[in-house]
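Beneath this line is the structure, given in structure tokens, with notes to follow.
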Protein chains: 2
Amino acid sequence: MSVTLADIARATGLSASTVSRALSDPDKVNPRTRDRVRKIAQDMGYVPNQVARSLTSGRNDLIGLIVPDIANPFFPPIIKAVQARASAKGKTVLIADVDEHPSDEIQRARVMRKRVDGLVVVSPRTPDDRLDQLAELSPIVFVNREVKGAASVIIEDSEGMREAVEHLTALGHRRVGYLNGPRRSWSNTQRQNAVREACAAHGVELVEFGPFEPQIQAGVRAADLVHASDVTAVIAYDDMIALGLMARLNERGVRVGPDISVIGIDDSPMSGMAYPTLTSIHVPGSEAGARAVDIVLDLADAAGDTEPFVVQLETRLIVRSSTSPVRER
Amino acid sequence: MSVTLADIARATGLSASTVSRALSDPDKVNPRTRDRVRKIAQDMGYVPNQVARSLTSGRNDLIGLIVPDIANPFFPPIIKAVQARASAKGKTVLIADVDEHPSDEIQRARVMRKRVDGLVVVSPRTPDDRLDQLAELSPIVFVNREVKGAASVIIEDSEGMREAVEHLTALGHRRVGYLNGPRRSWSNTQRQNAVREACAAHGVELVEFGPFEPQIQAGVRAADLVHASDVTAVIAYDDMIALGLMARLNERGVRVGPDISVIGIDDSPMSGMAYPTLTSIHVPGSEAGARAVDIVLDLADAAGDTEPFVVQLETRLIVRSSTSPVRER
DNA sequence: CTACGTGACGCAAACGGTTGCCGCAAGGAA
DNA sequence: TTCCTTGCGGCAACCGTTTGCGTCACGTAG
């Protein structure tokens, strides 16, 4: 099969332990021996067996990432950021897509447990009590979700939401719709509260719709509800819903922008490519991912003696062409 | 720390081997013992250490997936399909995003080697000779890429391309542009050949542009080139380029559809959400992913005595609103 | 010249399971 | 009753590395 430490030991006339040290703990052997070992290992095409290595050392050079849905364009940039950061620190990423199916998470996390050095969990939907179970599987970091006693990177919706509502009022909108996300979504609770507060603060009347799943189709469905109501602007739980909404409104001959303003949340890569381009609240997913990796690796090193970190990231409004002054009636 | 086999052995008064069998090879122990062991294991919260398990058994219950760019919306559906299929067979997926950086692939693959039961590689860009090196790391399956002596799932562009050109001629187009993908891309070579043949067969004049990277920005840049030429329709290497193209054309006041027809390739989820909705050649990525998993797992079981599988999948044209009859001049 | 410190390396025990082989006891057949 | 079969479970080796500790030789100081 493949070349093992023992093979190299034989080839060099050294013991496996020396070879092991020469390769991974350079200071403990004579420089001459070290170089000789390394050269031979190289020549023989030696690749350390990570599995065996993990077994003794406990290190895996792997970090686990749990996301609800890779196909939702909000997540790939996060995943990419996590990968990039992990890769920079010599780790690989083990991904589990739980398919918006929260009940899988604990199961998946348990299985991953011994295989990874730490877990990054993006899980807007899982109920709190389940998350507590997860939290015991430290080191673990939650993204966009606050869990008591656990580290997390949370994204503060209120500022972006405030900007969004302010933007709409500046355009003359007085009745604004909000399309709720999934019922049990932590993010939705945050966003819902944020929009309520912002509207109250600006004297804007808020009309809520939903809940909706974060998918195009749900937005399509939402469009007709919105159209039948008398709101002049809509803020959607996320870009997916906003995009579906716009597609359907376009189809029905309603001009997004002139006839009705639409704001998404996430600022996913598609916002700029939709028609019209979608005004959206930028959520710093990539940054959150990168920070999460940093934290989880710190946690892994520190072996639990650090206190639970909570990093807050801010959102902000990106204005594009899906929002315009309210149409005169 | 956590509960090990030995703990359960102690608790049950059995030996570790019996416990092991009771848990993973049910037929070899007395049903009564088996149930007792399982119950106790359950109660004690035993979770097998996958790492240790892999070391002896050689099985990892992990399959590796190498993709060029998660952020390209063509890939998430493939990843999802791979995950789903793998998950159905009790495997988890280890993803490596090589960031359109082919030179990383072999390195990443080597590191993964011992950790996974098989490798699925989606790698349109890597040069052939490197791929040969990869191919030795069997079990391995290439998606959308033919490698001699190795299993692969390839996607035959010619049929879809034929339909696309036929569609355009039916709409009266006689001068058609093709936006080339990256220079060293295997897919692009396939597509380029396919479009040349199809145009020749239909007596359509073909004007080639590019190469372009498979990214929005490249499409934006392409737009001005296309606009300055006299083609009445364009087929882009992929949807990313097509979408960037459309965005820029829109911006310049050129109406995609009425003024110029655009066809993408991949039929990524965004095609239906762009404006106008994008006519695109559907590439069965999900199916390819699923098939690849099946094959790689077969390969892993069969330990090399099967001959290299090559599965061919067909493409077909999905007509939407970015293609219209040629405008009268 | 002896004693002791130190650097370089080897020994062997883990890590937590899996698995081939063997022994033992119970049951069935002769 | 005796012998053989069969089922069940234990023993121990092994997977490939890491790592604590011991050994050995050499150099230096007393």
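Each chain gets a letter, A, B and so on, in the order the sequences are listed, and its residues count up from 1. Note that these values count all heavy atoms, side chains included, but never hydrogens, waters or copies made by symmetry.
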List in chain and number order the residues that pass salt bridge (charged side-chain N to carboxylate O under 4.0 Å, His left out) with B:R115, two or more places apart in sequence or in another chain; answer none if no residue qualifies. none
Within the structure shown, what part of the strands sits under 4.0 Å from B:R59 by heavy-atom distance: base, sugar-phosphate, or nothing? sugar-phosphate
Round to the nearest Å and state the distance from A:R10 atom CZ to D:dT17 atom P. 12 Å
Whole Å only: how far is the CZ atom of B:R115 from the C1' atom of D:dT17? 13 Å
Can you name the salt bridge (charged side-chain N to carboxylate O under 4.0 Å, His left out) partners of A:D117, sequence neighbours left out? A:K91
Sorted by chain and number, sequence neighbours left out, salt bridge (charged side-chain N to carboxylate O under 4.0 Å, His left out) with B:R34 holds for none
Just jot down the side-chain hydrogen bond (donor to acceptor under 3.5 Å, both in side chains) partners of B:T18, sequence neighbours excluded, or say none. B:S15
Indicate, with a heavy-atom threshold strictly under 4.0 Å, whether B:S20 touches base, sugar-phosphate, or nothing. base
Salt bridge check, A:D132 against A:K148: does any charged N sit closer than 4.0 Å to a carboxylate O? yes
I need the CG-C1' distance between A:D7 and D:dC15, as an integer number of Å. 13 Å
Enumerate donor-acceptor pairs with a distance under 3.5 Å from any side-chain N or O in residues 139-147 of chain B to protein atoms, sequence neighbours excluded.
from, atom 1, to, atom 2, distance (Å)
B:N144, ND2, B:S187, OG, 3.2
B:R145, NH1, B:S123, O, 3.1
B:R145, NH1, B:P124, O, 3.3
B:R145, NH1, B:T126, O, 2.9
B:R145, NH2, B:T126, O, 2.7
B:R145, NH2, B:D128, OD1, 3.0

Pairs under 3.5 Å (N/O, protein and nucleotides 24-27 of chain D):
none

Using the test side chain to side chain contact (heavy atoms under 4.5 Å, CB included), find all partners of B:T189 that sit at least two apart in sequence or belong to another chain. B:N193
Across nucleotides 5-15 of chain C, 5' to 3', mark each nucleotide with B, S or - according to how protein heavy atoms within less than 4.0 Å reach it. ---SSBBB-BB
The criterion is side chain to side chain contact (heavy atoms under 4.5 Å, CB included); which residues satisfy it with B:A290, sequence neighbours excluded? B:R85
Taking only residues two or more places apart in sequence or in another chain, which ones pass side-chain hydrogen bond (donor to acceptor under 3.5 Å, both in side chains) with B:R21? none
Between D:dT17 atom C1' and A:I8 atom CD1, what is the distance in whole Å? 12 Å
Five-pair end axes of the helix from C:dC1-D:dG30 to C:dA30-D:dT1 and the angle they enclose, rounded to 10°: 60°
Lys/Arg-Asp/Glu bridge criterion (N-O < 4.0 Å) met for A:K39, A:D35: no
Under the rule for salt bridge (charged side-chain N to carboxylate O under 4.0 Å, His left out), what residues qualify as partners of B:D7, not counting sequence neighbours? B:R10
Send over the distance from B:D35 CG to D:dG9 P, rounded to a whole Å. 12 Å
Between B:D25 (CG) and C:dG17 (P), how many Å, whole number? 16 Å
Quickly work out the A:D61 CG to D:dT17 P distance and round it to whole Å. 14 Å
Output the rounded distance in Å from CZ (A:R53) to C1' (D:dT18). 9 Å
Any side-chain N or O of B:Y46 under 4.0 Å from OP1/OP2 of C:dG16? no
